[in-house]
Every structure is written in C-alpha cells, then in structure tokens.
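A short write-up of the structure that comes next.
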Amino acid sequence: MEAVLQWLGDNWGNLASAAGLFVTFVGLGIAIWQLGKTKKAAEAAREAAEQAGLAIRDSFVKTPSGPVGAFWLFQMTPYVAR
C-alpha cells in the first residue's frame, strides 16, 4: 500500500494532466452534441415560421370580387381629400 501511495505522490502531476485531458475531451463532446441540438431547434423554428407565414397568407381568402383581408379593410377606409 505504501508503494502505491509513493507512486501516486511521484506521478500526481501526470495523473492530473491526464485527467484534465479527459475532461477536455468530454467537454468537447458535450459541446458538439449541444450544437446538434441547437441546429435541430433552429430548423424546427424556421419550419414553424414558414408554416405561420403560409397560414397568414392563406387567411386572405380570395373571392370572386377580389381578396378579402387587410387590403380589403384598407379599401374601406374613407378617403380624405387634401
């Protein structure tokens, strides 16, 4: 047991360096994994925004007399002559 403790005492710096390298690689792996999750979340947000844009565009229903929506409301605004 004393020989093991002596060896640990003599090689403490090397062991700490090896442990630090291990922790660095684990941290790098976690960072890369989080980047993948972030990319997926960004793609999902872009898809949701596109769907919302399509829903807004489709909410302007076309009728035989023309589109109904914000433009139609603008046409109904009384005209004020200058």
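Quick caveat: nothing in here was measured; it's all calculated off a predicted structure.
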Let me have the donor-acceptor pairs involving side chains of residues 36-52, under 3.5 Å, with sequence neighbours excluded, atom names and distances please.
unit_1, atom_1, unit_2, atom_2, d
Thr38, OG1, Gln34, O, 2.9
Glu47, OE2, Gln51, NE2, 3.0

For residues 17-32, run the donor-acceptor check on the side chains, cut-off 3.5 Å, and write out each pair with its distance to 0.1 Å, sequence neighbours left out.
unit_1, atom_1, unit_2, atom_2, d
Ser17, OG, Gly13, O, 3.0
Thr24, OG1, Gly20, O, 2.8

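Asn14 pairs by the side chain to side chain donor-acceptor pair (under 3.5 Å) definition with nothing, not counting sequence neighbours.
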